[in-house]
Student: 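Have a look at this one.
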Amino acid sequence: SYKYQGVKNLMPVTINGDGSITGLSVGGLPNGTVDADTLASGLATQGITMVDHWRMSADSTAGAEAVLTNWTQISTANHQPGRVGSSLSVSCGVFTFPSTGIYNITASFAFYFGTADDAIGQIFLKVSYDGSNYNTVSAWRCGNYDNNLHQTTTQNYVLDVDNTSNVKFYFETDSFSANTELRGDANNGESNVTIIRLGGT
């Protein structure tokens with residue numbers, strides 16, 4: 001049997017149906033039972049723990065089904081990088097996540113259409129759940145039958161990353177004609193992607 005030693009006037013602690021607690025006086029827990037370290041460990045996985053931001057570093061005139069590869073993480077002299085936690089990695093245009101979790105991917109693409117014949121621009125978000133096969137899960141599309149037209153379109157997608165080796169993504173162009181460009185700049189945000197970890201998977 002278990003016997004308390006050195007404790008006098010011990011009262012039972014009751015958790016009531018309405019959530020209130022009786023039988024526990026102020027200071028009733030032993031010193032050190034709940035401390036800053038205990039609270040910190042519980043809060044470490046709560047809320048937003050990662051924010052990462054990338055931009056296209058140059059214009060692209062890629063043709064049909066071309067992977068966008070000219071991504072650079074924002075870290076220029078005229079910007080204070082707004083990142084939190086670990087960063088994604090990018091290889092040949094394919095983004096890899098630093099940890100599992102639920103992520104929001106928000107991208108903005110700036111199109112330039114030189115002539116009325118170049119009326120439509122489209123970007124696809126391709127996601128793999130097995131590390132090799134990619135499917136379209138979202139699309140950015142804009143255009144108009146006009147000359148010298150600039151348009152920016154924004155779209156987002158929420159992704160469950162349950163395995164960092166298998167779940168990856170990249171952006172792919174639709175067919176671009178000769179006078180259509182996707183605008184990018186290493187020092188200014190024209191075509192960008194922001195990835196935010198919303199919580200655990």
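Along the sequence shown, residues carry numbers from 1. Just so it is clear, the structure is predicted and the values come from calculations on it, not from any experiment.
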Student: Indicate if Val67 and Ile195 have the same hydrophobic cluster label, given that clusters are the connected sets of ILVMFWY residues with side-chain heavy-atom separations under 4.5 angstrom.
Tutor: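 As far as the 4.5 Å side-chain criterion goes, Ile195 and Val67 are not connected within one cluster.
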Student: Would Val137 and Leu159 satisfy side chain to side chain contact (heavy atoms under 4.5 Å, CB included), going step by step from the backbone distance to the final call?
Tutor: CA-CA 10 Å; Val137 297; Leu159 181 62; over 6 Å; no
Student: Taking atom OG of Ser57 and atom CG of Asn188, what is their separation to the nearest 0.5 Å?
Tutor: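 One finds 12.5 Å between OG of Ser57 and CG of Asn188.
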Student: Restricting to side-chain contact (heavy atoms from CB on, under 4.5 Å), what partner residues turn up for Ala139, sequence neighbours left out?
Tutor: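 For Ala139 the side-chain contact (heavy atoms from CB on, under 4.5 Å) partners, ignoring immediate neighbours, are Gln122, Phe124.
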Student: Quick one: sort the Phe109 and Trp71 rings into parallel, tilted or perpendicular, breaks at 30° and 60°.
Tutor: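 It falls in the perpendicular class, over 60°.
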Student: Can you tell me how far apart CD1 (Ile102) and CG (Asp162) are? Round to the nearest 0.5 Å.
Tutor: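 Taking CD1 in Ile102 and CG in Asp162, the distance rounds to 8.5 Å.
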Student: Answer whether the closest heavy-atom distance between the side chains of Arg197 and Val161 falls below 4.5 Å.
Tutor: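 A side-chain contact under 4.5 Å is absent here.
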Student: Under 3.5 Å, is there a donor on one side chain and an acceptor on the other for Thr194 and Asn192?
Tutor: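 Per modelled atom types, Thr194 and Asn192 side chains form no pair under 3.5 Å.
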Student: Please identify each residue that fulfils salt bridge (charged side-chain N to carboxylate O under 4.0 Å, His left out) with Asp185, with sequence neighbours left out.
Tutor: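 Salt bridge (charged side-chain N to carboxylate O under 4.0 Å, His left out) list for Asp185, sorted by chain: empty.
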Student: For the atom pair CD1 (Ile105) and CG (Leu125), what is the distance rounded to the nearest 0.5 Å?
Tutor: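 Nearest 0.5 Å value for the CD1-CG distance: 5.5 Å.
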Student: Who passes side chain to side chain donor-acceptor pair (under 3.5 Å) against Trp54, sequence neighbours left out?
Tutor: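 Applying side chain to side chain donor-acceptor pair (under 3.5 Å) to Trp54 gives Asp52.
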Student: Show your reasoning for whether side chain to side chain contact (heavy atoms under 4.5 Å, CB included) applies to Val84 and Met50.
Tutor: CA-CA 5 Å; Val84 176; Met50 195 223 76; 5.7 Å; no
Student: When rounded to the nearest 0.5 angstrom, what distance separates OG in Ser191 from CH2 in Trp140?
Tutor: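 Answer for the OG-CH2 pair, Ser191 versus Trp140, is 11.5 Å.
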Student: Hey, what do you get for CD1 (Ile123) to OG1 (Thr136), rounding to the nearest 0.5 Å?
Tutor: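 Taking CD1 in Ile123 and OG1 in Thr136, the distance rounds to 11.5 Å.
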Student: List the steps and the verdict of ring pair (Phe, Tyr, Trp, His ring centres under 6.0 Å) for Phe169 and Tyr157.
Tutor: CA-CA 11 Å; Phe169 73 92; Tyr157 186 76; 9.6 Å; no
Student: Would you list the pairs meeting salt bridge (charged side-chain N to carboxylate O under 4.0 Å, His left out) in which at least one residue belongs to residues 124-138, sequence neighbours left out?
Tutor: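 For residues 124-138: Lys126-Glu172.
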Student: Considering only distance and modelled atom types, tabulate donor-acceptor pairs under 3.5 Å from the side chains of residues 86-101, sequence neighbours left out.
Tutor:
residue	atom	partner	partner atom	Å
Ser87	OG	Gln73	NE2	2.9
Thr96	OG1	Lys168	NZ	3.1
Ser99	OG	Tyr103	OH	3.2

Student: Find the distance between CG (Leu68) and CE (Met56) and round it off to the nearest 0.5 Å.
Tutor: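 Answer for the CG-CE pair, Leu68 versus Met56, is 5.5 Å.
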Student: Which residues pass the side chain to side chain donor-acceptor pair (under 3.5 Å) test with Asp160, not counting sequence neighbours?
Tutor: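 Applying side chain to side chain donor-acceptor pair (under 3.5 Å) to Asp160 gives Thr201.
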